[in-house]
Each structure stands twice: as C-alpha cells, then as structure tokens.
There are 2 protein chains.
Amino acid sequence: MLLQNPTKQAAVTTADKVFEQLQHAIVEGEMAAGSKISEPELAKRYEISRSTLREALNRLEKCHLIERKANIGSRVVDCTIEGLLELYITREALEGMACRQAALNMTDEEIGHMQSMLAQHAGDKALQDGVAYYQEEGDVDFHYKVILGSHNQQLINLICGQLYHLVRMYRCQFGMHSPRATRAFTEHSNIIQAISDRDGELAELLMRRHIAASRKNIENKIALQKAAQHSEEI
Amino acid sequence: MLLQNPTKQAAVTTADKVFEQLQHAIVEGEMAAGSKISEPELAKRYEISRSTLREALNRLEKCHLIERKANIGSRVVDCTIEGLLELYITREALEGMACRQAALNMTDEEIGHMQSMLAQHAGDKALQDGVAYYQEEGDVDFHYKVILGSHNQQLINLICGQLYHLVRMYRCQFGMHSPRATRAFTEHSNIIQAISDRDGELAELLMRRHIAASRKNIENKIALQKAAQHSEEI
DNA sequence: AAAAGATTAATTGTCGACAATAATACTTAA
DNA sequence: TTAAGTATTATTGTCGACAATTAATCTTTT
C-alpha cells in the first residue's frame, strides 16, 4: 500500500519518526497483533529514551493501534473478526455521510479530478485485467478523495486520521486483496456519477452499499471457512 | 450535566486526575476556547511535573479538546459555528448507525430499562413542564443508552470516548439548553418503539432526523442572530 | 521611523534517574 | 504436594535537568 495518509504532516520530531516506524511495523504485522509492548525493550531497539517512546505510543493509541492500561502497559490491538465487522459498520456510517457531504461540497474541479482518476484506473484495469493490486491502490485513493471532498474536517480527521490505520492493519493481517476489483470499479463509477449530479442522498446510499458489499463478502468468506473447518472435524 | 462518560474507568494515576480536571475546565469554559496552553504554567498550577502534564495533554488531544503542533505547543480547540455543524453531521452518521445496531443487538432487558427510563422522564416532564434541565439530562442519558445498546465497541469508543466531550464543550460554550424538550421527548419515544420493534432501518432514520432537527434548530438560530446583527448595523 | 537582522529569552522536545505499582520467584504452612 | 504468603525482580509512572527550537527583544541599516 504505497499511498500515505493524506492528512498527516511531515514528521519533524524523533517521536514522530518512531511513531511512523512503529505504525508501519504494527500494520504490516511485524509486531504481532495482541502482543505486549515492553517500553524498555522498544526504547533500546530504537535507541531513544522511554519518554519519547511513550510520546510515540500515545500517538499509536490515538489511532487505536495499541491499547494502554494504567500501571500494566500497552498491547498491540487484537485483530478479531468481530472487530473487523465492527470497523466496516463504522466505515459504512462515516464514509456514507462523507460521500453525501462530498456531493454537496466538492468543487467542480475536484469532481473533474476524480473522474479523470477513474478513467486512468479503467486503463490500468484493461491493461492488467484481474490483477487486484492497482485496483486496491485505486480503491484507497478513491475513498480518500471522497472523504476529503466532504470538506468536513471532523469526518476527515476521524476517518483518515484514525479509522484507516486500523483498516490497513486488518487488510494486512487478514491478507485481504479484494477480489471484487471489476465490481468495485463499477460501483465507484456510479458513486462519482451521483456526486457530479449533486445527488447527496443517492451518493450516500451507493457508498453505503459499496462498503456493505465488502463486509458481506467477508462474512461469506468467514462462513465458508467455518464450514470447511467443520467438515474437517468430521 | 451530571451524567459522566459511561465508558471511562476510574482515574488511578495522577495524570488521569489532572486530565479530568483539565477536561472539566475546558468543557466548562474556564480555560478559554482557542487560548494557548503554557506547559510550565499549567504544571506549576497543578503542582505536577511537565512529564505528567504532557501525559494529560495527550489524553485531551485524544478527545479533540486541544490541538498540538510540533515545537509550537498546544491550544484549546476553537468553538466555531462551522465546527458545531460538522459535529452534528458526524453525530448524525454515527449515532444513526448506532441506533440501527441497537435495534438489532440490544437485549430485551436493555430495551425494558430504556422504556422505564423514558416513562420516568415523562413524569419529570409533567412535574416540571417547560424546565429544560431534566430533559437535557434525560437527553444525554437516552443517547448514551442507545449508543451502548449498539454493542459495537468501535462506535461506542468513537462517540462516547471522543465525540461527546466536544459535544458537551459546545453545549456549554454556546449556552445551548435545548428548547425542544417536549418535541424531543416524542422523538425519543418513537425511536425506542422502533428499537423494540427490532426495526433497524426505521430506528436509524428516526435517530438521524432527531439529530438533524437539532442541527437545523441551531442553523435557524444562527440565521436569526445574523439577521438581528444586520438590522442593528443599519 | 520602519524594516531587516542578530541576540537574548522562553518554550518545547528529549534524556536519565528515582518512586510506585505489578509480576515473578521463593518460602512456608497445611 | 499444593496453596497461600512473602520477598524479589521488573515494569510503569513521575520527576528535574539539559538540548533544540521558537518567540521576543534589541540593534543596525536604509
């Protein structure tokens, strides 16, 4: 996932840099989900004092990548199926509303950019048909553009600043390379159409269905896995 | 506002206690919105070291009550009308979804509690007709119960752990003692009915309208104020 | 006199050490 | 042998001091 969080500013302080490294390590699974974090050990590994490490940990906690308990310590968050489904439900609510606001607040110029981006993805897709990677990049890119297009700082901060770190973590941990590439592309087209029509209600509806479809796709996979496990046991 | 955040745990560490005091001070307006925060000064006032003060500041930043810039410092968040409207839009999205999930996931027992709570509020209302205070308490109480009823930890954390601190701050700063008491009561009744009918779609719709009505109520007030200002100038 | 630059003061970021709390290992009693 | 209680170790929370950066003051120049 090459695209970076579009809302973050350049890391100036060392705590910022360590935060980014740790964030990467957690999202990519180099630090095991659910594992305990030892402050002295991490501080030694990154060659910083515990103070600046704790500063970095605070930022990780801010985007829900770790959990802290007083006098006990920090743990990397656990990636559970329930948590994943909860995340999608939250995304459905927030990104649905962001999409509605985007239809109301995006400038014509911004809409033009999104349309040309989609056209370019169409080319990529035709070129590398079936390869999900570009489409996944495009997916993230598309969603970011819609969120930023809401022009609602509260929504932007919540989704880009917090939620999407968790989304990326779940994607890596569960190895989710969306197999819905072509279908997602069509759904994106329709959403952009609704936005350029300034139809907020339809835009929200379509975005919610788009995310709900991903969630149901996951639920189906889980159900199949469970069925397979069950047949093994017999 | 007597009701406390139902998701928080008891403050054990001194940073926790200072965080709560600062939170109160910011929400109630004792620390002016938009004002700069001096770490040495605050540390001296609360008789703690800068380290533990910074720990407390990190928590304030987590619930969006202050904003920090690297090498520059912290400021209490500014309460703008745009920010208030953004907050209501975000609430509409999140609490609407929470209400839908509540309709799906609340236990019969939880629903029973909510119904009896509403009945009690009806008594209070009949007793002190027109006095908004109890109703406002009841309003917060009602919304908390619905959110917790979603049984979605992600939604609960976002709304109760972060958004509602800002909501309370705006309410204090703008002196908003809802004049929609009786109307809000009816809306609450209908929402609970939808939940007990397990009608998620209707429950979400009603909750969104309930919050949107508050937002529009504010927008109208603002418009009236602006009109009055304008006529003064002439 | 006003603006640009240099110098000083103040604030934030980082560090290592100590205190308080929790986890572990050990001892003792049933 | 197991369980409870105690002692020990390790981890987290807090502190004061120093370094790096920013803000303020003063000087200098046009």
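Order of the sequence lines sets the chain letters (A, B, ...), proteins ahead of strands, with each chain counted from 1.
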Kindly give the heavy-atom pair with the smallest separation between A:Leu163 and B:Leu158, and that separation in Å.
CD1-CD1, 4.2 Å
Quick one: do the B:Gln162 and A:Gln162 side chains pair a donor with an acceptor below 3.5 Å?
yes
Under 6.0 Å between ring centres, would you say that holds for B:His24 and B:His165?
no
Min and max contacting nt of DNA chain D in 5' to 3' order, chain B heavy atoms within under 4.0 angstrom, are D:dG13 to D:dT22
Under a 3.5 Å distance rule, please check whether B:Asp78 uses its side chain to pair with a backbone N or O of B:Thr80 as donor and acceptor.
no
With a 4.0 Å cut-off on N to O distance, would you call B:Lys17 and B:Glu55 a salt bridge?
no
Give the rounded distance in Å between these two atoms: CD1 of A:Ile72 and C1' of C:dT24.
15 Å
Do the charged groups of A:Lys145 and A:Glu110 touch, with an N to O distance under 4.0 Å?
no
Just checking, is any N or O donor in the side chain of A:His151 or A:Gln101 under 3.5 Å from an acceptor N or O on the other one?
no
Which of residues 34-48 of chain B sit near DNA chain D, with a heavy atom under 4.0 Å from it?
B:Ile48
Would you mind reading off the distance between A:Asp16 atom CG and C:dT12 atom P, rounded to a whole angstrom?
16 Å
Just call it for B:Ser51: base, sugar-phosphate, or nothing, with non-hydrogen atoms closer than 4.0 Å on any strand.
base
Side chains of A:Arg59 and B:Asn58: any donor to acceptor distance under 3.5 Å?
no
